[in-house]
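Notes for the one structure printed next.
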Amino acid sequence: MVDFEVSELPPSEHPEEGETAPDFTRPLVNREFWEDVSLSELTAEGPVLLVFTPMDGDFPATYVWNELRDRAWDEGRDLQVVGLSISTPYEHRGFIHEREMEYALFSDPANDVGREYGIDHELDGMTGISEPRPAVFLLDADRTVRYAWVAEEWPDFPEYDEIEDAIESL
Amino acid sequence: MADQPPITFYRLQGCPYCERVTRKLGEYDLEYHSRFVEAMHSERDAVKRVSGVRTVPVIVDENTGVTMAESANIAEYLDRTYGEEAGA
């Protein structure tokens, strides 16, 4: 039982399991620098967990990345965990340092990737700003979606245990 | 990374010395890959590891095996390697 109201989001048209996730190129920010990187360059090296979050800042992105950092699914496993939000490279850099995390984050301020993935979300009360809704895609080496989770309400958080099962059955 | 251009350019956003190198790379129509680094000088370990210094710009040119800092030196190097005088 929740004692507060969550908003339902309209249906989304996102890549489903078995489909190929769209490729894109965006600045990928790590602890030390950023550079343009394509999703396909990452998947060419092995499976990728692509995590869309709300913009860096308050609790939504913080909760997700604290959880992913603590679960450390990539440790001892052929898996890359990578994020994406509308935050700029400078914000990502600060966020990565604050969270003391090793994961790199794509920067997509115009939310084109969110639209391409069919998960864009117009923020109520922040006119002119849209961002991807929270979503997680587990991709194999040819960008085939092996697991997909997309938020159906706002706020919403990934099904971490389901993701873990999907990773273990790769 | 697959299909990377042979020149990697370590730069800061809006740094005039870096822009000088940007113009020179454009002048010779050279393909390059930009790596934007920390503005804080003391935190630029990525640059320090490749070049031995924490200043930008730095370029790494895999065509020639050259790693170079300082915009004036880089401009001169690009002129010499890719300009009219090259191969003359």
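Quick note on labels: first sequence line is chain A, next is B, and so on, each numbered from 1. Please read all numbers here as calculations on a predicted model, not as lab measurements.
The OG1 atom of B/T8 sits 9.5 Å away from the CZ atom of A/F33 when rounded to the nearest 0.5 Å. We find the CD-OG1 distance between B/Q13 and A/T88 to be 9.0 Å, quoted to the nearest 0.5 Å.
Under the 4.5 Å side-chain heavy-atom criterion for ILVMFWY residues, no single connected hydrophobic cluster contains both A/V113 and A/V29. Tracing side-chain contacts under 4.5 Å through hydrophobic residues (I, L, V, M, F, W, Y), one never reaches B/V50 starting from B/V66; they form parts of separate clusters. In the hydrophobic cluster analysis, where Ile, Leu, Val, Met, Phe, Trp and Tyr join through side-chain heavy atoms closer than 4.5 angstrom, A/L105 is grouped together with A/I163. Under the 4.5 Å side-chain heavy-atom criterion for Ile, Leu, Val, Met, Phe, Trp and Tyr, A/V81 and A/I167 are members of the same hydrophobic cluster.
Within 6.0 Å of atom CD in B/E31, 12 or fewer heavy atoms from other residues, nucleotides or ligands are found, so the atom counts as exposed in its surroundings. At most 12 non-hydrogen atoms from other residues, nucleotides or ligands lie less than 6.0 angstrom from CG of B/D29. For A/E164, the CD atom is densely surrounded, since the number of other residues' heavy atoms within 6.0 Å is greater than 12. Around atom OH of B/Y17, no more than 12 heavy atoms belonging to other residues, nucleotides or ligands sit under 6.0 Å away. Environment of CD in A/E75: sparse, with no more than 12 heavy atoms of neighbouring residues, nucleotides or ligands closer than 6.0 Å.
Within the 4.5 angstrom heavy-atom criterion, no atom of B/R11 approaches chain A.
Taking a cutoff of 4.0 Å between a charged side-chain nitrogen and a carboxylate oxygen, B/R49 and A/E32 qualify as a salt bridge.
Using non-hydrogen atoms only and a strict 4.5 Å limit, no part of residues 50-70 of chain A faces chain B.
By the 30° and 60° cut-offs, the orientation of the rings of B/F36 relative to A/W34 is parallel.
Chain A forms more heavy-atom pairs under 4.5 Å with one residue of B/R44, B/H33, B/E38 than with any other, namely B/E38.
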